[in-house]
Trainee: 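One structure is given below, represented as structure tokens, and several questions about it will come after.
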Amino acid sequence: MTSTATGQTYQQEFTKPDGRPLTLYGLNPIVVTSVIPSPSTEAVDARPVLRWHPLRGEWVMYAAHRLGRTFLPPPEYNPLAPTSDPAHPTELPRGIYDLAVFANRFPSLTLNAPEPPVGPAQTRAGVGACEVVVFSQNADGRLSDLSDAQMSLLLSVWADRTSRFAAGGVIKSVLAFENRGVEVGVTLHHPHGQIYAYDHLPPVATRMLEMAQKHHVETGNAWISDFVDAEREAGERIVHDEGAALSIVPPFARYTYETWILPTRPVGLLSELTDDERDAFARTFKDALLRLDALFGVRMPYLMTVHQAPLDGPHPEFPLHIELYPYLRAAGRMKYLAGTEQGAGEFANDKFPEVAAAELRAVNLENV
């Protein structure tokens, strides 16, 4: 067990009975009032494999051990809640802390993945890492229920995990994300997200970097600077502007109420934000989440992704940002990925971004 304090935040390291690491983060000194638990004392035996897709130019992950992962358990068996009955241990201890990060018990990638037998499609070991980020001890809460300070802490946690992976030298790209709602395949309702760390650059990050670099070569400017300037001048699609950060329904939105949260200064990594920029980014992020829930008066099912620069940089051209993909295109109406989206990779949107942004700006946030 180790404990450190950074600025006004604290973190404490533990090892679970099955050998997996656990880190607790807090705005105040961390106090643990129970033993460190794990649903199982057996070490994780994961053997993920990657196979190359020659026509799409991307790796596909295979992880057969994930078939046994927890699926929509009843509230009394919530594995992400602090342990209340030592006879039925969960992933988290009782105590005073705000967020927790631990290695996934059912990972799609592992740093110690064994070399598989020779197989088709350039089969190789699924090297990488998968972590679970628990946003709150409150099983019924939402990410947007975090205080402004806790939201800022979350950004610091994502930055810390990214820096740790970068220091190891194996990981090339880190993606933090949250799936919310059974509509997008959530198997645990407790507010949490995940981090996937890849030993290669995935297709989306590769394309983003290529296009950002192309823009920089052609204009001499960072894409995000030109984008923010143009959108502020247009004044139609910005939802909330904090000065150092803003939220927007981008003019090329693929989902009806797709929302991006961006810093207004070009940075590629969360760790590059100043304290004031991180706080503004956190407030804007929270505001965007609250507006999505207020839009139709229900908890909006969504997928959230945090895009940071590849770790083999520096890549100053890469635009740090968060993307929110809401899965309701209207009240009670889901957005499904159909033929053109899945088959051609080109989205069909039922509403212009300018209209969607106006609707999000108009929502009342007093009671969400």
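Residues take their numbers from the sequence shown, with the count starting at 1.
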Trainee: Just wondering, more than 12 heavy atoms not from E341 lying within 6.0 Å of its CD?
Mentor: yes
Trainee: State, to 0.1 Å, how close M300 and L292 come at their nearest heavy-atom pair, and which atoms those are.
Mentor: CB-O, 3.7 Å
Trainee: State the CE-CD distance between M211 and E317, to the nearest 0.5 angstrom.
Mentor: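 That separation rounds to 13.5 Å.
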Trainee: What distance do I261 atom CD1 and T259 atom OG1 have between them, rounded to the nearest 0.5 Å?
Mentor: 6.5 Å
Trainee: Find out if a path of hydrophobic residues (ILVMFWY) with successive side-chain heavy-atom gaps under 4.5 Å connects L201 to I195.
Mentor: no
Trainee: Is there a donor-acceptor contact under 3.5 Å from the side chain of S34 to the main chain of R94?
Mentor: yes
Trainee: Could you tell me whether R291 and D287 have a side-chain N and a carboxylate O separated by less than 4.0 Å?
Mentor: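 So R291 pairs with D287 through a salt bridge.
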Trainee: Taking atom types as modelled, is there a side-chain donor on Y25 or D160 under 3.5 Å from an acceptor on the other?
Mentor: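 Yes, because at least one side-chain N or O of Y25 sits under 3.5 Å from a partner of the opposite role on D160.
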Trainee: If only atom types and distance count, is the side chain of R237 paired as donor or acceptor with the main-chain N or O of A357 below 3.5 Å?
Mentor: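 No: the side chain of R237 does not pair with the backbone of A357.
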Trainee: Looking only at side-chain N and O atoms, does E359 offer a donor or acceptor that is under 3.5 Å from a partner on Y257?
Mentor: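 Y257 vs E359: donor-acceptor pair found between side chains.
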Trainee: So how far is it from R161 CZ to L270 CG, rounded to the nearest 0.5 Å?
Mentor: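 Those atoms lie 14.0 Å apart.
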Trainee: Please name the pair of heavy atoms, one in S108 and one in P48, separated by the smallest distance, quoted to 0.1 Å.
Mentor: O-CB, 3.1 Å
Trainee: Between K172 and D312, does any NZ, NE, NH1 or NH2 come within less than 4.0 Å of an OD or OE carboxylate oxygen?
Mentor: no
Trainee: Quick one: closest heavy-atom pair of L188 and V186, and the distance?
Mentor: O-CG1, 2.9 Å
Trainee: As an exercise, state the distance from CZ of F165 to CD1 of I171, rounded to the nearest 0.5 Å.
Mentor: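 Between atom CZ of F165 and atom CD1 of I171 there are 6.0 Å.
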Trainee: Check this for me: R361, atom CZ, are more than 12 non-hydrogen atoms of other residues, nucleotides or ligands nearer than 6.0 Å?
Mentor: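 Correct, the count exceeds 12.
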Trainee: Are H216 and E218 close enough, and set up right, to give a side chain to side chain donor-acceptor pair (under 3.5 Å), and what steps lead you there?
Mentor: CA-CA 6 Å; H216 185 263; E218 293 176 349; over 6 Å; no
Trainee: Under 30°, 30 to 60°, or over 60°: which ring-plane class applies to F285 and W158, parallel, tilted or perpendicular?
Mentor: tilted
Trainee: Among side-chain atoms of H307 and T305, is any donor-acceptor pair under 3.5 angstrom?
Mentor: yes
Trainee: Under 4.0 Å between a Lys/Arg side-chain N and an Asp/Glu carboxylate O for E183 and K335?
Mentor: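 Salt bridge: no.
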Trainee: Flag the pair R56 and E58 as a salt bridge only when some basic side-chain nitrogen lies within less than 4.0 angstrom of an acidic carboxylate oxygen.
Mentor: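 So R56 pairs with E58 through a salt bridge.
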Trainee: Under 3.5 Å, side chain of Q342 to main-chain N/O of A338, donor-acceptor pair present?
Mentor: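 Side chain of Q342 to backbone of A338: no pair is present.
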Trainee: Just to verify, which of N179, V184, L289 counts as forming a side chain to side chain contact (heavy atoms under 4.5 Å, CB included) with Y302?
Mentor: L289
Trainee: Quick check on the hydrophobic clustering: are V101 and M151 connected, directly or via other members, by side-chain heavy-atom contacts under 4.5 Å?
Mentor: yes
Trainee: Looking only at side chains, do D18 and S38 share a donor and an acceptor under 3.5 Å apart?
Mentor: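 Side-chain D/A pair, D18 to S38: present.
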Trainee: Hey, mind stepping through D241 and R232 against side-chain contact (heavy atoms from CB on, under 4.5 Å) and telling me if it holds?
Mentor: CA-CA 9 Å; D241 195 334; R232 278 176 166 165; 2.9 Å; yes
Trainee: For this output row, return yes or no: ring centroids of Y196 and F177 closer than 6.0 angstrom.
Mentor: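 Yes, they do, as the ring centres are separated by less than 6.0 Å.
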Trainee: Counting distance only, does the side-chain N/O of E354 pair as donor-acceptor with the main-chain N or O of P251 below 3.5 Å?
Mentor: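 A pair under 3.5 Å: no.
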Trainee: Donor-acceptor pair, distance only, cut-off 3.5 Å: does the side chain of S247 make one with the backbone of H240?
Mentor: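 Pair found, side chain donor or acceptor close to backbone of H240.
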Trainee: Is a side-chain N or O of D98 found less than 3.5 angstrom from the main chain of L27, in a donor-acceptor match?
Mentor: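 Side chain of D98 to backbone of L27: a pair is present.
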Trainee: I'd like to know if the side chain of E91 reaches the main chain of V134, judged simply by a donor and an acceptor atom lying under 3.5 Å from each other, with no hydrogens or angles considered.
Mentor: no
Trainee: Measure the shortest side-chain to side-chain distance between E178 and F135 over non-hydrogen atoms and say whether it is less than 4.5 angstrom.
Mentor: yes
Trainee: Distance from I248 atom CD1 to L246 atom CG, nearest 0.5 Å?
Mentor: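 Spacing of CD1 (I248) from CG (L246) equals 6.5 Å.
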Trainee: Is the side chain of S152 donor-acceptor paired with the backbone N or O of D148 at a distance under 3.5 Å, no angle test?
Mentor: no
Trainee: Before you tell me yes or no, could you show the steps for F252 and F347 under ring pair (Phe, Tyr, Trp, His ring centres under 6.0 Å), namely the whole-Å CA-CA distance, both residues' side-chain angles and the distance that decides it to 0.1 Å?
Mentor: CA-CA 10 Å; F252 41 78; F347 276 62; over 10 Å; no
Trainee: Are V355 and L360 in one and the same hydrophobic cluster, where Ile, Leu, Val, Met, Phe, Trp and Tyr link if side-chain heavy atoms are under 4.5 Å apart?
Mentor: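 They do not share one cluster, since no chain of ILVMFWY contacts under 4.5 Å joins V355 to L360.
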Trainee: More than 12 non-hydrogen atoms from neighbouring residues, nucleotides or ligands closer than 6.0 Å to CZ on R124, yes or no?
Mentor: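 Counting other residues, nucleotides and ligands, CZ of R124 exceeds 12 neighbours.
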Trainee: Do L50 and T123 pass the side-chain contact (heavy atoms from CB on, under 4.5 Å) test, and can you show the C-alpha distance, the side-chain angles, and the key distance before you say yes or no?
Mentor: CA-CA 6 Å; L50 295 176; T123 297; over 6 Å; no
Trainee: Establish, yes or no, whether a centroid distance under 6.0 Å links the rings of Y255 and Y325.
Mentor: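 Yes, they do, as the ring centres are separated by less than 6.0 Å.
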Trainee: So for atom CZ, which belongs to R299, do other residues, nucleotides or ligands contribute more than 12 heavy atoms lying within a distance under 6.0 Å?
Mentor: yes
Trainee: I need the N104 CG to L109 CG distance, nearest 0.5 Å.
Mentor: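 The distance works out to 10.5 Å.
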Trainee: Does a side chain donor of either E13 or T23 reach within less than 3.5 Å of an acceptor in the other side chain?
Mentor: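 There is such a pair between these side chains.
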Trainee: Treating Ile, Leu, Val, Met, Phe, Trp and Tyr as nodes and any side-chain heavy-atom pair under 4.5 angstrom as an edge, say whether L143 and L324 lie in one connected cluster.
Mentor: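 In one cluster with L143: L324, yes.
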Trainee: Looking only at side chains, do D226 and H215 share a donor and an acceptor under 3.5 Å apart?
Mentor: yes
Trainee: Determine yes or no for a side-chain-to-main-chain donor-acceptor pair under 3.5 angstrom, with T83 supplying the side chain and L92 the backbone.
Mentor: yes
Trainee: Quick one: is the NZ or CZ of K16 closer than 6.0 Å to the six-membered ring centre of F102, and within 45° of its axis?
Mentor: yes
Trainee: Please report the shortest heavy-atom distance between V133 and L154, naming the atom on each side.
Mentor: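 The answer is CG1-CD1, 4.1 Å.
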Trainee: Give the minimum heavy-atom separation between L320 and I224, together with the two atoms involved.
Mentor: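 What the structure gives for the nearest pair is O-CD1, 3.8 Å.
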Trainee: Under 3.5 Å, is there a donor on one side chain and an acceptor on the other for H192 and Q194?
Mentor: no
Trainee: Are R47 and D45 within salt-bridge range, i.e. N to O under 4.0 Å?
Mentor: yes
Trainee: For S144 and D293, which heavy atoms make the closest approach, and how far apart are they?
Mentor: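 Residues S144 and D293, closest heavy atoms: OG-OD2, 4.2 Å.
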Trainee: For P310, is there any backbone N or O sitting under 3.5 Å from a side-chain donor or acceptor partner on S173?
Mentor: no
